[in-house]
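Working notes, structure below.
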Protein chains: 2
Amino acid sequence: MRLSHEQFRELAVKHGLAVTHQRQVVYEAVIASPGHYSPEDVYAAVRRRIPSISLATVYNNLRLFIECGLLREVTPHASTLRVDGNLEPHHHLVCSRCKAVQDIEGDFIDFKRLSPQVPRGFDLTQPVVEVFGLCRQCSAKK
Amino acid sequence: MRLSHEQFRELAVKHGLAVTHQRQVVYEAVIASPGHYSPEDVYAAVRRRIPSISLATVYNNLRLFIECGLLREVTPHASTLRVDGNLEPHHHLVCSRCKAVQDIEGDFIDFKRLSPQVPRGFDLTQPVVEVFGLCRQCSAKK
DNA sequence: TATCGGATGAGAATAATTATAAACGAACGA
DNA sequence: TCGTTCGTTTATAATTATTCTCATCCGATA
């Protein structure tokens, strides 16, 4: 997805980030399509528009976006950082074997039963839940 | 926890692994106390009993134990592999900020609501659930 | 426009993990 | 018991992912 310079500026300022062209392009690359991208994926996409960009800049900006809440971090089941531009509340279905992550919707947590298990002070106001199992391909094999 | 040689032999054979002294010591180190250990943690513990052991051996055996189901992998929220010797069904409560993992018990998943969201073929017979939030320390700061 | 602080780019550095190859050792049958 | 075989261990090299360093550049503000 492309944003106008003004749209991105507004977004960045709201989250306390300075506005640069590289930042805008990195951000646009992440939200261009739904999915969970690695820094390398983002780097490859951004280089098509800014061939001179540095991988370090991609890392720096992804980290900043995560810190300021513009992106969400998907925990690195594939042993590498993944980011998710979908900030709508949603959960993840993760394959224990191949580590593929897909989004799932729905309200399937019973908070009445969960809450007593959670230690005092643990903040569950916006819980993200990852449910592990075996995807079709992996449960087919052996 | 220490196991007799015979106990470990039985366990290993049941999971299709050859029996070696290094394997037994690595395994004992993991299940010695509850927790989620990194390979380095395990290496440090094992070296107290086998000073000459190689880090690669620890990695190899942890991977084998995970593959054959003797240990469970905790997804690397701390950007590094963690293993869990607790094979009882349990779930994890993870701090989104500091990535600390703690075990929680309980039956708080509503499968009637979850199932329709899960694609055909995805195997949920032994789901592990990770619930993310902010631990007390992290929700206190800022 | 001049200034300043933060951002960028290139490459080095670090950390975690995996691969490789040689040496070793347990289990099997002779 | 003695080899033989095959998987295991060790040491080290290689790879991969990520972060750091620092010189330079750019954008925001006066």
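Just so it is clear: chains get the letters A, B, ... in the order the sequence lines come, proteins before strands, and each one is counted from 1. All values below were derived from every heavy atom in this structure, side-chain atoms included, with hydrogens, water molecules and symmetry-related copies excluded.
- The side chain of B:Pro39 approaches C:dT17 more closely than any other nucleotide in the set D:dT9, D:dT18, C:dT17.
- Rounded to a whole Å, the CD atom of B:Glu40 is 13 Å from the C1' atom of C:dT14.
- Within 6.0 Å of CD on A:Gln7 lie more than 12 heavy atoms contributed by other residues, nucleotides or ligands.
- Within the 4.0 Å cut-off from OP1 or OP2 of C:dT8, at least one side-chain nitrogen or oxygen of A:Asn61 is found.
- For B:Thr57, a side-chain nitrogen or oxygen approaches OP1 or OP2 of D:dT10 to under 4.0 Å.
- For the OP1/OP2 pair of D:dT19 and a distance below 4.0 Å, the side-chain nitrogens and oxygens of A:Tyr59 include no atom meeting the criterion.
- Straight-line distance from the CG atom of B:Leu64 to the C1' atom of C:dT18: 13 Å, rounded to whole Å.
- Between A:Asn60 atom CG and D:dC26 atom P the separation is 17 Å, expressed in whole Å.
- Look at A:Arg9 and you'll find a side-chain N or O under 4.0 angstrom from OP1 or OP2 of D:dA28.
- Atom pair A:Leu62:CG and D:dT19:P shows a separation of 10 Å (rounding to whole Å applied).
- When rounded to the nearest whole Å, the span between CZ of B:Arg63 and P of C:dT18 equals 6 Å.
- With sequence neighbours excluded, the residues satisfying ring-ring contact (aromatic ring centres under 6.0 Å, His included) with A:Phe65 are A:Tyr27.
- Judged as a salt bridge (charged side-chain N to carboxylate O under 4.0 Å, His left out), and not counting sequence neighbours, A:Arg47 has no contacts.
- Distance B:Phe8 CZ to D:dT8 C1': 13 Å, rounded to the nearest Å.
- B:Ile53 has its CD1 atom 14 Å from the P atom of C:dG25, to the nearest Å.
- For the pair A:Tyr43 OH and D:dT16 P, the interatomic distance rounds to 16 Å; values are reported in whole Å.
- By the ring-ring contact (aromatic ring centres under 6.0 Å, His included) test, A:Phe122 is found to be paired with no residue, residues two or more places apart in sequence or in another chain being considered.
- Each salt bridge (charged side-chain N to carboxylate O under 4.0 Å, His left out) pair with one or both residues in residues 112-128 of chain A, not counting sequence neighbours, appears once here: A:Asp110-A:Arg113.
- The backbone N or O of A:Ala18 lies less than 3.5 Å from a partner atom in the side chain of A:Arg23, making a donor-acceptor pair.
- Listed by chain and number, the residues in a salt bridge (charged side-chain N to carboxylate O under 4.0 Å, His left out) with A:Glu67 are A:Arg63 (sequence neighbours excluded).
- Contact check of residues 14-25 of chain A against DNA chain D (heavy atom, cut-off under 4.0 Å) returns A:Val19.
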